[in-house]
*Asks:* 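Before I ask anything, here is the structure I am working with.
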Amino acid sequence: MKATAFAPSNIAFIKYWGRKDEELRLPENGSISMNVSNLLTTTTVEFNTLFKQDSVTFSGKRELAVNNRAIKHIDRIRKLAKIDTKVKIVTENNFPTSTGLSSSASGFAALTVAGAKAAGLNLSEKELSILARLGSGSACRSIPDGFVEWVDGNTSDTSYAKSLYPPDYWDIVDVVAIVSISKKDIDTTEGHKLAGTSPFFSTRLSLMKNKIKLIKKYIQEKNFTKFGELIEAEALEFHSILITSTPSLIYWFPQTIKVMKFVKTLRVEGLEVYFTINTGQDVHVICQQKNVEKVTSLVKEIKEVREVIINTPANGTRLASNHLF
Ligand code: PMV
């Protein structure tokens, strides 16, 4: 059977970093995110007894099936569905991959929903979120709609994401400033393993519960100022863990810092904007809908910014009827 799904990436306001179980991808802490409308993966999966081998085509390029993370994920689905049929996967992103825009979140969410459907499984949102988590942690947050919480949990069954609010709950915007399309040198799967080497990681974890409580309060109150201050402080704290790990993880480029400083200057001048950054060089500039045009045109004026992608809050992963093959 063949199925197609499209999935949004998500931006974490409170970030997942470090794992208490590598195999199950159980995070050291819970996290809070928003699905983004314009960073999307579309994936078609077909299981067919006529296929002689597994195949994966990513953005028009055939990938090696051996040791492939997508095929490993399909193996989880085959196990659940009790099938051993070969698979064909075709997947496309509408944005650059491996630059810190969380393409693994949208990628594994789309693969999970399309793969489960194509294998004839009928899984609940919670089960899909758990399955997506096993492929890539942050992917579990791209399954439910809008503003999302991933509760860390101590077992596989208790570690999944659920929607806090639908996308239209709050009209905030994520203006992504792309400063380079260079791929990162250390991917997050390896990066998470280094979290504990930072002398500050235990301090971060000890403050996490309160941070999550606060961000949920600010989202509930739609208090943009408090929310913005907290997400920016969180992004800087997160990067301080990366920078002080052994080996150190420095994802920022000079252009990244330029955009960060620009955001701070805009605030001094009275325009309310805040930044957050994942494991990459691009900057997510968060503003309110009423300011999006102004913010976008100002960000575009920075000569180091190559492209801007405007994202509103979005639904989670959905099945689609148009297949990629
Ligand atoms: O799901 P992973 O292994 O790609 O890790 C994601 C880590 C961050 O993007 C840096 C933070 C997050 O919560 O999305």
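Since the model is a prediction, treat every value here as computed from it, not as a measurement. We number each residue from 1, following the sequence as shown. Counting starts at 1 for both ligands and their atoms, in listed order.
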*Asks:* Cation-pi between Lys261 and Phe275: NZ/CZ under 6.0 Å from ring centre and within 45° of the ring axis?
*Replies:* no
*Asks:* Are Glu234 and Arg204 close enough, and set up right, to give a salt bridge (charged side-chain N to carboxylate O under 4.0 Å, His left out), and what steps lead you there?
*Replies:* CA-CA 10 Å; Glu234 156 66 0; Arg204 170 171 171 79; 2.8 Å; yes
*Asks:* Scan for salt bridge (charged side-chain N to carboxylate O under 4.0 Å, His left out) pairs involving residues 39-50, sequence neighbours excluded, and state none if there are none.
*Replies:* none
*Asks:* Before accepting this row, confirm whether a basic side-chain N of the pair Arg267/Glu232 lies closer than 4.0 Å to the acidic partner's carboxylate O.
*Replies:* yes
*Asks:* In terms of residue, atom name and distance, what is the protein heavy atom nearest to atom 5 (O) of ligand 1?
*Replies:* His192 NE2, 3.0 Å
*Asks:* Identify, for atom 14 (O) of ligand 1, the protein heavy atom at the shortest distance, and state residue, atom and that distance.
*Replies:* Arg141 NH2, 2.7 Å
*Asks:* Which atoms of ligand 1 sit under 4.0 Å from any heavy atom of Ser104?
*Replies:* 4 (O)
*Asks:* Of all the atoms in ligand 1, which lie at a distance below 4.0 Å from a heavy atom belonging to Gly137?
*Replies:* 1 (O)
*Asks:* Got an N/O contact under 3.5 Å between Arg25 and ligand 1?
*Replies:* no
*Asks:* Show the numbers, then the answer: is there a salt bridge (charged side-chain N to carboxylate O under 4.0 Å, His left out) between Lys226 and Glu221?
*Replies:* CA-CA 10 Å; Lys226 289 278 183 208; Glu221 294 169 352; over 6 Å; no
*Asks:* If you measure from CD1 on Ile83 to CD1 on Ile77, what distance do you get to the nearest 0.5 Å?
*Replies:* 9.0 Å
*Asks:* Which label fits Phe224 and Trp170: parallel for a plane angle under 30°, tilted from 30 to 60°, or perpendicular past 60°?
*Replies:* perpendicular
*Asks:* So for ligand 1, is Ser31 a polar contact partner (N or O within less than 3.5 Å, distance only)?
*Replies:* no
*Asks:* Distance check, rounded to the nearest 0.5 Å: Trp150 atom CH2 versus Ser129 atom OG?
*Replies:* 8.5 Å
*Asks:* Backbone or side chain, does any N or O of Ser136 fall under 3.5 Å from an N or O of ligand 1?
*Replies:* yes
*Asks:* Have a look at Tyr251, Phe13, Tyr16 and point out the one with the heavy atom closest to atom 7 (C) of ligand 1.
*Replies:* Tyr16
*Asks:* Going by heavy-atom distance to atom 2 (P) of ligand 1, choose the closest among Asn278, Thr188, Asp187.
*Replies:* Thr188
*Asks:* For ligand 1, which atoms have a heavy atom of Ala12 less than 4.0 angstrom away?
*Replies:* 12 (C), 13 (O), 14 (O)
*Asks:* Considering non-hydrogen atoms of the protein only, which is the closest contact for atom 10 (C) of ligand 1, and what is the distance?
*Replies:* Phe238 CZ, 3.4 Å
*Asks:* Do Ile302 and Leu298 share a hydrophobic cluster, counting only Ile, Leu, Val, Met, Phe, Trp and Tyr and linking them when any side-chain heavy atoms are less than 4.5 Å apart?
*Replies:* yes
*Asks:* In ligand 1, which numbered atoms sit nearer than 4.0 Å to a non-hydrogen atom of Ser138?
*Replies:* 1 (O), 2 (P), 4 (O), 6 (C), 14 (O)
*Asks:* Judging by distance only, is a nitrogen or oxygen of Thr189 under 3.5 angstrom from one on ligand 1?
*Replies:* no
